[in-house]
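Quick notes on the structure that follows.
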Amino acid sequence: MDIGVVSMRYAKALIEYAKENHAEDTIYREMKMLSRNLGVFPDLKGALANPVLNIREKYSLICTAATGDQGVSRGFSRFITLVLKNNREQFLQFICLSFLDLYRKLKHIGVGRLVTAVPVDKETEDRIRNSAGAILHARMELETIVDPSIEGGFVFDINDYRLDASIATQLKRVKQQFIDKNRRIV
């Protein structure tokens with residue numbers, strides 16, 4: 001069966017369950033943390049794919065990845081039990097991403113990512129978040145990343161759009177223009 005189909009079915013079922021039980025915000029936080037940890041720690045995905053670990057051990061790993069030492073919500077616990085019982089743990093990251101997309105559409109939340117060469121102060125970050133939210137008519141989740149390799153300026157990704165005003169990109173464009181111009185001369 002297709003990964004996208006399976007993950008979307010599970011995500012839709014979870015969002016419906018969460019809406020019925022008014023637990024969508026709690027489950028969203030847990031799924032967001034689980035998705036982040038599955039992306040950051042590839043060994044976690046490897047452990048979940050390991051057939052030597054039993055369901056109880058995999059359940060414990062997933063719950064720890066979702067909330068740390070805190071206990072998970074009842075809805076999240078039931079969902080993870082269902083996923084493990086049906087041997088769908090290899091789709092868990094895709095299920096998380098599908099759930100996060102569905103939740104954001106439901107709650108009108110936009111996602112943005114700001115990459116700068118130096119750290120941005122809280123006031124500027126709030127101003128960017130509010131401006132982008134006003135343009136999209138949505139609440140914004142803004143992730144800020146410091147990446148010195150862009151040398152200056154910023155790269156701002158919002159939903160599917162990118163505004164690249166980094167010095168590194170501008171230097172690449174100038175270099176490419178010189179190369180193109182010199183090809184015409186020779």
Problem set entry | Euclidean distance, Arg29 CZ relative to Ser73 OG, rounded to 0.5 Å |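 That separation rounds to 9.0 Å.
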For this session: To the nearest 0.5 angstrom, please state how far the CG atom of Asp69 sits from the OG1 atom of Thr64.
Result: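 Asp69 atom CG to Thr64 atom OG1 measures 7.5 Å (nearest 0.5 Å).
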Exercise. Got more than 12 heavy atoms from elsewhere within 6.0 Å of CD, Gln176?
Worked result: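 Correct, the count exceeds 12.
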Exercise. Around atom OH of Tyr103, are there more than 12 heavy atoms of other residues, nucleotides or ligands at under 6.0 Å?
Worked result: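 Yes, the 6.0 Å shell around OH holds more than 12 heavy atoms from other groups.
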Exercise. Using 30° and 60° as the class limits, which term best fits the ring planes of Phe79 and Tyr10: parallel, tilted or perpendicular?
Worked result: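 Judged by the thresholds at 30° and 60°, the geometry between Phe79 and Tyr10 is perpendicular.
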Are any of the side-chain heavy atoms of [X] and [Y] separated by less than 4.5 Å?
X	Y	answer
Gln177	Lys181	no
Phe76	Ile62	yes
Met31	Ile95	yes
Tyr28	Leu100	yes
Arg162	Phe156	no
Gln170	Asp164	no
Ile109	Met140	no
Met8	Phe94	no

Is the backbone of [Y] close enough, under 3.5 Å, to the side chain of [X] for a donor and an acceptor to pair up by distance?
X	Y	result
Glu16	Ala13	no
Glu141	Gly110	no
Asn54	Arg56	yes
Thr67	Gln70	yes

For this session: For Leu82 and Arg88, run side chain to side chain contact (heavy atoms under 4.5 Å, CB included): C-alpha distance rounded to whole Å, both residues' side-chain angles, the deciding distance at 0.1 Å, then the answer.
Result: CA-CA 9 Å; Leu82 175 71; Arg88 301 290 192 200; over 6 Å; no
Exercise. With respect to Phe91, which candidate in Val83, Asn86, Val5, Ile3 satisfies the side chain to side chain contact (heavy atoms under 4.5 Å, CB included) definition?
Worked result: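 For Phe91, the side chain to side chain contact (heavy atoms under 4.5 Å, CB included) test succeeds with only one of Val83, Asn86, Val5, Ile3, which is Ile3.
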Mind listing the closest non-hydrogen atom pair of [X] and [Y] along with its distance?
X	Y	answer
Ser166	Val155	CB-CG2, 4.1 Å
Ile55	Leu84	O-CD1, 3.7 Å
Ala65	Met33	O-CG, 3.4 Å
Ser7	Ser98	OG-OG, 3.6 Å
Ile158	Ala132	CD1-CB, 3.6 Å
Gly153	Ile167	N-CG1, 4.2 Å

Would a single hydrophobic cluster contain both [Y] and [X], if residues Ile, Leu, Val, Met, Phe, Trp and Tyr are joined by side-chain heavy-atom contacts under 4.5 Å?
X	Y	answer
Leu61	Leu38	yes
Tyr161	Phe154	yes
Val6	Ile15	yes
Leu142	Leu163	yes

Distance-only check: which donor-acceptor pairs under 3.5 Å involve side-chain atoms of residues 144-151, not counting sequence neighbours?
| residue | atom | partner | partner atom | Å |
| --- | --- | --- | --- | --- |
| Asp147 | OD1 | Ser149 | N | 3.2 |
| Asp147 | OD1 | Ser149 | OG | 2.8 |
| Asp147 | OD2 | Ser149 | OG | 3.0 |

Donor-acceptor contacts under 3.5 Å from residues 39-53 side chains, at least two apart:
| residue | atom | partner | partner atom | Å |
| --- | --- | --- | --- | --- |
| Lys45 | NZ | Gln93 | OE1 | 3.0 |
| Asn50 | OD1 | Val52 | N | 2.9 |

Problem set entry | Side chains of Tyr59 and Ser77, donor plus acceptor under 3.5 Å |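 On atom types as modelled, these side chains qualify, holding a pair under 3.5 Å.
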Problem set entry | Between Asp121 and Thr124, a side-chain donor and acceptor under 3.5 Å |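 Looking only at side-chain atoms, Thr124 and Asp121 do form a donor-acceptor pair, the distance falling under 3.5 Å.
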Problem set entry | Working for side chain to side chain contact (heavy atoms under 4.5 Å, CB included), residues Leu92 and Ile80 | CA-CA 9 Å; Leu92 199 54; Ile80 294 303; 4.1 Å; yes
For this session: Sort and list the pairs that fulfil side chain to side chain donor-acceptor pair (under 3.5 Å) and have at least one residue in residues 125-139, not counting sequence neighbours.
Result: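 Every pair satisfying side chain to side chain donor-acceptor pair (under 3.5 Å) with a residue in residues 125-139: Glu125-Arg129, Asp126-Arg129.
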Problem set entry | Electrostatic pair Arg36-Glu143, nearest N-O below 4.0 angstrom |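 Result for this pair is no, no salt bridge flagged.
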